[in-house]
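This one's a predicted model, so the numbers in the text were calculated from it and none came from an experiment. Residue numbers start from 1 in every chain, and the chains themselves are labelled A, B, ... in the order their sequence lines are given, proteins ahead of strands.
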There are 2 protein chains.
Amino acid sequence: MAPDDVKFFPPASDTRGKVLATALQLFTRQGYFNTSVSQIVRVSGCSTGSIYHHFGDKEGIANALFEALVARIDALFDDIERRHSGAAKRCRAVIELLFTLTEAEPEVMEFVLYARHREFLPERGPICSARPFRKMRDFVARGMETGEVRAVDPVVAAASVYGGALRMIHLRLDGVLERPLGEFLDEVWACAWRSVAP
Amino acid sequence: MAPDDVKFFPPASDTRGKVLATALQLFTRQGYFNTSVSQIVRVSGCSTGSIYHHFGDKEGIANALFEALVARIDALFDDIERRHSGAAKRCRAVIELLFTLTEAEPEVMEFVLYARHREFLPERGPICSARPFRKMRDFVARGMETGEVRAVDPVVAAASVYGGALRMIHLRLDGVLERPLGEFLDEVWACAWRSVAP
DNA sequence: GTCTATATCCAGATAGAC
DNA sequence: GTCTATCTGGATATAGAC
């Protein structure tokens, strides 16, 4: 997969796009609550009035951002489902995609995976109930039906397959891993799959 | 391990204890930034002046809380090191402890593992560089030296052993898992260990 | 749709008596 | 060490011209 395939915010020229791109940067660097709307005004170059016109309030910015990013990831997962068959191939493709995405757009992964949405988007459920996460679990569950995955509790199986990779992503985003995730992909995948292979 | 062994805040009577217990509750339920000092004043029953006298500022409360909790977990991990030998037994004991802790004191795990400390404790490094986490990795690394753990990158090995369990804890804290973690322990451990067994 | 100027509120923090 | 009363800045959000 070429890096371009995972670009979320190509240099935006419209107000909406500029604000969302700015918000993503600031929210992930400093956190939602440490970012003031005035700061978004300064960095994005858009005016207060304009921003409130488009998003209603500060929470509206986070909401729009969240939806845009989740929708994009969702589409990428649909691609995976279409292009690969079998649990092993699909799960591996998911991990590879997440690794690629983390390197190409760390802010996106940071915001989608590790921001504490409950704290600033109260009406939204936990991220793990969002469609992309459900699809990840689904790949594993269907593998279990075909015997490709060992029979254990489906939740445990999914946690085992993806847990190590998500952990690595976390370490990378926290700056603990010096080398890019791609270098670990084969080993991570080998461990992940051994944990649930029949 | 009896539940009492993992109680962090036995009903505290002194100001410090009451404030820390209150802060833990509020910070994990609502988030650090959604919690005002006035609210801590109301719930804890201590006065503004008293709180600022003890902790300096709001960040000081979070700092003290963080240190107390990490120190406690650290001690529990030292216990594990003393009571068990071999990577398998130690790693399993770690996971069992974390599961027990999550059920007994979910707020503690929430605050230590999943709060975004970077956002309100800027001078502190990421939680994964803290001593307990280093000790977890160390158990795995030493197992690799003795051949008990397959030779892969030590970071990958640690992520594989603990990744699934941490994922399960996350799901449980997010309310996605209905049943207590203890019921999953054996399966989680089986998957975890298979991923790195030689 | 975009802008500037401005209103309002409440958070974090302090003063100083007891 | 603990308390009440108070200050002050800066945050979110609005008004209303263009």
- Note on the structure: Taken to the nearest whole Å, OH/B:Tyr32 to P/C:dA11 is 14 Å
- Task: Grab the OH-C1' distance between A:Tyr52 and C:dT4 for me, whole Å please.
- Result: 15 Å
- Item | Side chains of B:Ile73 and B:Leu101 in contact at under 4.5 Å (non-hydrogen atoms) | yes
- Can A:Asn63 and A:Arg124 be counted as having a side-chain donor-acceptor contact under 3.5 angstrom? yes
- Message: Taking B:Arg131 first and then B:Asp78, would you say they form a salt bridge - that is, a charged N and a carboxylate O separated by under 4.0 Å?
- Response: yes
- Item | Rounded interatomic separation in angstrom, taking CG from B:Asp14 and C1' from D:dT2 | 14 Å
- Item | Salt bridge flag under 4.0 Å for residues B:Arg142 and B:Asp138 | yes
- Message: Is there a side-chain contact between B:His53 and the phosphate of D:dC3, meaning an N or O under 4.0 Å from OP1 or OP2?
- Response: no
- Note on the structure: One would report the end-axis bend of the helix from C:dG1-D:dC18 to C:dC18-D:dG1, five pairs per end and rounded to 10 degrees, as 0°
- Task: Take atom CD1 of A:Ile40 and atom P of D:dA11, then tell me their distance rounded to the nearest Å.
- Result: 12 Å
- Mind calculating the distance between CZ (A:Phe33) and P (C:dG12) to the nearest angstrom? 12 Å
- Task: Find the distance B:Leu26:CG to C:dA11:C1' and express it as a whole number of Å.
- Result: 15 Å
- Message: Strictly below 4.0 Å, N to O, side chains only: are A:Lys135 and A:Asp74 in salt-bridge contact?
- Response: no
- Task: Looking only at side-chain atoms of A:Ser38, point me to the closest of D:dT12, D:dT2, C:dT4.
- Result: D:dT12
- Nearest-angstrom distance from the residue atom CZ of A:Arg42 to P of D:dG10: 11 Å
- Task: Return the nearest nucleotide to the side chain of B:Asp57; candidates are D:dT12, C:dC3, C:dA13.
- Result: C:dA13
- Would you kindly compare B:Gly49 and A:Ser36 by the position of their nearest DNA chain D nucleotide and give the one closer to the 5′ end? B:Gly49
- Task: Name the closest nucleotide to the B:Cys46 side chain, picking from D:dC3, C:dG12, D:dA13.
- Result: D:dC3
- Task: Please work out if A:Thr48 contacts a base, only the sugar-phosphate, or nothing of the nucleic acid, heavy-atom cut-off 4.0 Å.
- Result: base
- Charged tip of B:Lys58 within 45° of B:Tyr32 ring normal and under 6.0 Å: yes
- Query: Is B:Val70 close to B:Pro132 at the side-chain level, that is, under 4.5 Å between some pair of heavy atoms?
  - Reply: yes
- Task: Scan B:Ser47 against the nucleic acid and name what it touches under 4.0 Å (heavy atoms): base, sugar-phosphate only, or nothing.
- Result: base
- Using atom CD1 of A:Ile51 as one end and atom C1' of C:dT2 as the other, report the distance to the nearest whole Å. 11 Å
